[in-house]
Structures are given as C-alpha cells and as structure tokens.
Amino acid sequence: MLWKVDLVKGENQTAFVEHLGAALRVRMPSYTASAHFSDDGAFVTSVKGLFAFGEEQQEISWEMNKSSDGTLVSVRVSDANGKEVPRLLKYELNGFFTNVLTEALSNKRKEFFHHSTYYYVGPQLDGEYWLKGFRLAPAFPNDPDLYLINAERPVALDYYVNAVDAHMAVAISEARAKRFIARLSLISNIGFYKSGGEQRWVLIPQPEGGFISQRYQLGYAAQNISHFAMPSKGELSRLGDYSSSIKDWGLRAGKLLSLPHETRRILQWIEDAKNNLSEAFDNAARMYQAALVIGGIYPSISLAYKVAAVEALSLGDTRYGSFGTFMEGNLETKDYDKKFIDALYGIARSAHFHSGRFPVDDALDQLYNPFWTEHGLVSADLSWTGHRILRLAMINWLVMLL
C-alpha cells in the first residue's frame with residue numbers, strides 16, 4: 001500500500017509524523033526501526049512490528065520516504081517480506097491512515113507536566129523563580145548549609161508542554177529544558193548540568209577520625225514533593241529576590257545565589273528577537289554552559305568554548321561577522337587590546353580545536369615552580385583576563401540590545 005502525501009518540510013509535516021508515531025505506538029507496542037539515505041539523497045525511515053487490528057496481529061513494515069529537499073513524499077506499508085498486505089488488513093489500514101491525517105490536520109495536543117532536576121556548584125539559590133512558563137527552585141529548600149560555595153545544589157525545573165502523547169511530551173520536554181537551562185547558565189554565569197548515571201567514590205568522615213571510601217549512585221531524590229503537578233507559587237519555597245546583576249563577576253562568600261534582575265527582560269528579548277539573533281544566543285548559551293561545567297576539570301576547554309560562544313554571537317549578528325570585530329565593538333578602549341584578542345582566538349581557541357593544545361592546563365604546572373616561565377605568564381594571563389573580557393563583551397552586547 002502506498003499513500004502519496006507530499007508534505008513539505010515544516011509544521012504540517014511535523015504534525016503528521018508525530019500523530020502517525022503516536023497512533024503506531026498504540027497499535028504496535030514493540031517495534032524495530034531503521035533508516036538510510038539513498039543514492040539520490042532521499043531519506044528513508046522504516047518501522048517494523050506486530051500491528052494489532054481487532055483480535056488479530058500482523059507483522060508489517062511502515063516506510064516513510066523524504067526527498068533530498070526534506071519533502072515527505074510518501075508512506076508505504078508492506079508485510080514482513082516486503083509484499084502486499086492481505087486485503088482485510090488493507091481496509092483496516094486505510095481507516096487508520098485516514099484517521100491519522102484527520103488528527104494531524106486538527107493537530108490536537110494534550111498538556112503534560114514535566115519535572116527535571118539540574119545541579120550546580122555554589123551557594124543555595126535564594127528562592128523560586130517563575131520565568132516564561134518555567135518554575136526554577138531549590139530542590140532541597142531546607143539545606144542547612146546555605147552558604148557553602150563548593151557544594152553541589154539540586155534545583156527543580158518544572159513546566160508544562162503540549163504534545164500528541166506522553167512519549168512525545170518527554171522528547172519535547174527535554175529539548176525545552178536543555179535550551180532554557182543553557183540560557184540561564186549564560187545569564188547567571190552558573191553552569192547548570194544534569195547528574196550522571198554512574199556510581200562514584202565518596203569520602204565518608206569517621207567518628208574516630210579519618211575517612212573511608214564508598215561508591216554511591218549520583219543524584220538527588222526529593223522527599224515528599226510531587227513530580228506530577230505544578231506547585232503553587234510560594235508553596236514549597238520563598239520567592240527569589242533577583243538581587244544580582246549580569247554585570248556581577250563571581251560568587252560572593254556569605255551571599256545566596258540570586259538570579260540577575262535583568263533575567264526576565266533577557267528571556268523576553270530572546271523570544272522577540274529575530275531568528276538569527278535568538279538562534280545565535282542559544283548556540284552561544286550551550287557553548288558557554290559547557291565551558292562553565294567542564295572548566296573545573298579542563299580549564300583550557302572552558303576558555304576555548306567561551307571564545308567559541310562569542311564567535312557564535314558574532315556570526316549571528318550581521319553587524320560583526322567575526323570574533324575580533326565583536327570584541328572590538330563591545331569593549332571599551334581600556335579593556336580592548338588587539339594583540340590580546342588575537343591571542344585569545346589563536347592560542348585559546350584555534351590552537352586547542354585544531355592542534356589539540358591545552359595552554360591553560362599546561363600553565364598550571366607553574367604553580368609548582370617559584371620562578372615564572374614565559375609560557376606560564378602568557379597562559380595565565382589568557383585565562384585570568386580572557387574569562388573576564390569575554391563575558392564583559394557578551395554582557396555589553398546584551399545590554400545594548402535590551
């Protein structure tokens with residue numbers, strides 16, 4: 001059986017594919033999938049499994065064909081051997097396919113609640129924040145050690161998504177959460193991350209002194225908190241104060257973590273900005289988030305990714321077009337040194353990505369020698385000054401656009 005659909009790439013095609021997938025998950029609880037590109041550049045994806053109709057089941061294969069320009073050309077159904085399906089099943093499949101088309105045309109969706117747990121290292125978040133449909137809050141609001149800077153903190157990210165079914169809701173939720181948490185990482189200068197699934201060694205203090213090591217699963221299990229519905233405002237935590245600024249540099253001892261007072265304006269700007277600017281911001285945010293998270297292990301990667309984040313902004317904003325012109329256009333004369341900017345791009349970024357160099361990591365060896373080396377001084381300055389002016393340029397660019 002073959003249906004010609006000719007759906008060009010876009011919302012209608014996406015709706016059809018999502019509704020077809022949701023309907024097949026009901027009729028085919030288990031299946032195998034495969035995909036390949038043909039010689040002419042067309043994309044072919046297929047799903048094979050037992051299709052339920054009435055009290056019977058028949059193993060069939062569904063195949064979608066897309067042309068090289070992304071148009072969904074056709075959907076084909078065959079039996080397990082690639083031949084025509086029985087006549088009785090054809091009637092069932094025609095009705096099934098017609099219903100999918102009807103559902104895709106109306107594109108009805110259901111609302112699903114989603115809860116994610118992210119982590120960061122620093123003092124406790126000062127309360128819950130309601131931002132563009134998201135609730136960000138301390139997952140452990142009663143933490144007795146609020147001001148420890150070198151402490152991992154779990155935060156809850158709660159929100160609703162509209163999706164065809166629960167399976168699609170998970171995929172959409174994860175994509176939305178990743179994009180949103182990356183934006184917050186850049187805005188707040190805090191590296192939010194997901195916990196790994198592995199078990200790690202930890203040190204456990206002993207009453208008689210000293211430590212023992214044991215291996216435990218990573219993660220935080222919230223107690224007595226529902227993950228199935230959005231809590232009311234202020235129900236689980238006080239509201240956050242927005243008492244910091246995107247211009248602040250670093251965490252301050254004895255202070256709780258507070259989101260910048262510009263956060264809501266920036267998030268609104270991203271939603272309203274032209275596609276090239278909003279996409280550039282999101283690309284830069286993911287790079288910046290990665291730089292913050294991995295920086296404690298590989299300082300050179302952190303610096304290289306921040307340079308790449310600035311470059312992503314420069315390519316998205318047509319007024320600049322390059323890293324150097326972006327830095328020059330968003331730094332004051334006292335902060336701008338062309339030789340230093342060139343070194344940032346050449347040594348911190350290009351030498352790392354293209355030659356595998358780790359200039360900042362290598363400079364850490366300097367800490368064990370009372371006498372400085374030329375390389376140690378250059379690399380240390382790249383790191384200390386580089387991180388500061390890279391963020392300064394990004395913030396100046398943001399402030400100018402708000």
Within-4.5 Å side-chain heavy-atom neighbours: Trp3 and Asn94: yes

Lys338/Asp342 ion pair, N-O < 4.0 Å: yes

Salt bridge flag under 4.0 Å for residues Arg349 and Glu311: yes

Beyond-backbone contact of Phe51 with Trp62, side-chain heavy atoms, under 4.5 angstrom: yes

Met327 side chain near Ile389 side chain, heavy-atom distance below 4.5 Å: yes

Side-chain H-bond candidate by donor/acceptor type, His115 with Thr117, under 3.5 Å: yes

NZ/NE/NH1/NH2 to OD/OE distance under 4.0 Å, Arg200 and Glu198: yes

Any donor-acceptor N or O pair under 3.5 Å, side chains Tyr31, Glu59: no

Any side-chain heavy-atom pair of Val73 and Asp6 under 4.5 Å: yes

Donor on one side chain, acceptor on other, Asp126 and Ser258, under 3.5 Å: yes

Pairing of Lys339 and Asp337 as salt bridge, 4.0 angstrom limit: no

Tyr119 and Tyr220 aromatic centres sub-6.0 Å: no

Arg25 bridged to Asp165 by N-O distance under 4.0 Å: yes

Close side-chain approach of Gln124 and Pro138, heavy atoms under 4.5 Å: yes

Side-chain touch Val155/Phe140, heavy atoms, less than 4.5 angstrom: no

Geometric cation-pi criterion Lys194 and Tyr118, 6.0 Å radius, 45° cone: yes

From CA spacing to verdict: salt bridge (Lys or Arg N to Asp or Glu O under 4.0 Å), Lys9, Asp69: CA-CA 8 Å; Lys9 190 175 183 180; Asp69 66 358; over 6 Å; no

Nearest atoms (heavy-atom pairs only) where Phe326 meets Ser314: CB-CB, 3.6 Å

Step-by-step salt bridge (Lys or Arg N to Asp or Glu O under 4.0 Å) determination, Glu128 to Lys233: CA-CA 8 Å; Glu128 66 181 21; Lys233 185 175 289 189; over 6 Å; no

Distance (rounded to the nearest 0.5 Å) between Phe37 CZ and Lys66 NZ: 9.5 Å

His261 atom NE2, over 12 foreign heavy atoms within 6.0 Å: yes

4.5 Å side-chain heavy-atom contact, Leu344 and Leu303: yes

Salt-bridge criterion met for Glu103 and Arg109 (N-O under 4.0 Å): no

Row check, Tyr305 ring normal vs Arg286 NZ/CZ: under 6.0 Å, within 45°: no

Residue pair Asn162 / Lys110, side-chain heavy-atom distance below 4.5 Å: no

